[in-house]
Amino acid sequence: MPNFFDLNVHAYPETEAPIEELLRVAKRYGYAGIAITNHDESVKERLNSNFIITGVEIRANSVLELKRKVTLHWGKVPLLAVHGSDDKLNRAAVEDSRVDILAHPCGEKGEGELNHVSVRYAAANGVAIDFNLGALIHNRRSERARILDKMRETLKLVRKYNTPMILTSNAHSIYDLRAPQEMIALAALFGMSKEEATSALCDIPQGILEKRWKKEREVELLRRVP
Amino acid sequence: MEKGTGGGAPTKSTMNVLLYMPPSLRERRRYLLFEVMCERELDKRDLLKEIWDSIYSLYGDVGGGEIKLRLIEYHNREERKSGVGILRCTHDKVEEVRASLACIHSVNGARVGIRVIKISGTIKGATRLRR
């Protein structure tokens, strides 16, 4: 059985979902690990479990703020994600090789998208593009159709440039988590094949955690950080 | 019991046999055992309505008809806030049903999360315990 990961989950104190509950449900669903990526703040409490990966999702209003926050968190958490918003910030995030994940960049909030240049930069810098399936669960009708269209477009670019891609639930409670097989079925809605979806849930998240797509120099620098 | 129910006009003696569809003409079905995590106890009818809503929203009336969905059984579990049930659909639409179930986020105002535990060709197979 492959190791499934969900690298974008929001927990207490940002949401009402306690980490223990999320852990229980995710284990039941067959995950090998979930990453808690609260906005702008990593989870303080230490859990004696390899199951929970501590991460942070950076939310910024300007490129300068983004750079500042990336510098602040880099090396302190094993997973650095950036909250995707408008075109300019998405571009800035994929140009920074310290970033691991660009979370929900497919215009889920009605703003911004990725163009071919950004996706190419992402491939070069080892920034994974995230497909947020939570948006498909929580939206209906025209809004969902628009998101599916955007995701299809992004998927085309990601395939072209061979950029790492991941599937996440962006869960805010235990009811937002979905089992891996359900995630694969949801990914099929915008044309992702079963093999691609499986690797986007297993291999690629594992590679992100091992910093497989980062250049040697970056990884070396990261090891030196206490 | 008389043989040869397939051809010819039905005679009086074959009428009662004809009530059953011959196995070769029967639909191939799949039974899905699913589990619901819910905030509070769910009504079976509300759940079925929400499943249909989700299917129509994703696949429309035509796609919804092709799935041939039936809710065979659903009951809430006593000890925890969850429930289990069995759905029936045609054998080649399992992934569509799975996606529709995954898209359900609330039933009658209560937040839910649904996952498919097991898929089988028979009800017996779907409900048989593992190990």
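Only heavy atoms go into these numbers, but all of them, side chains included; no hydrogens, no water, no symmetry mates. In what follows, chains are A, B, ... by sequence order, proteins preceding strands, each numbered from 1.
- For A/L136, the part lying under 4.5 angstrom from a heavy atom of chain B is the backbone only.
- In terms of heavy-atom pairs under 4.5 Å with chain A, the best-connected choice from B/I104, B/V94, B/V97 is B/I104.
- Using a 4.5 Å cut-off between heavy atoms, B/Y59 contacts chain A through its side chain alone, with no backbone atom that close.
- A salt bridge links B/R115 with B/E35: the distance from a Lys NZ or Arg NE/NH1/NH2 to an Asp or Glu carboxylate oxygen falls below 4.0 Å.
- The residues A/E210 and A/R212 are annotated as salt-bridged, a charged nitrogen and a carboxylate oxygen being separated by less than 4.0 angstrom.
- Chain B is approached within less than 4.5 Å, heavy atom to heavy atom, by no residue from residues 158-169 of chain A.
- Only the backbone of B/V112 comes within contact range of chain A, with heavy atoms under 4.5 Å apart.
- Under the 3.5 Å distance criterion, with hydrogens and angles disregarded, a donor-acceptor pair is assigned to the side chains of A/R144 and B/S57.
- Side-chain contact of A/H138 with A/D176: a donor-acceptor pair under 3.5 Å is present, judged by distance alone.
- Ionic pairing of A/K69 and A/E65 is present here: one or more N-O contacts between side-chain nitrogen and carboxylate oxygen are shorter than 4.0 angstrom.
- For B/L58, the parts lying under 4.5 angstrom from a heavy atom of chain A are both the backbone and the side chain.
- In this structure, A/F51 has its ring center at least 6.0 angstrom away from the ring center of A/Y31.
- Salt bridge B/K49/B/D53: present, at least one basic N to carboxylate O contact under 4.0 Å.
- Residue B/E39 touches chain A through both its backbone and its side chain, counting heavy-atom pairs closer than 4.5 Å.
- No hydrogens or angles considered: nothing links the side chains of B/R111 and B/S106 as a donor-acceptor pair under 3.5 Å.
- One finds a salt bridge joining A/R24 and A/E21 here, because a Lys/Arg side-chain nitrogen approaches an Asp/Glu carboxylate oxygen to under 4.0 Å.
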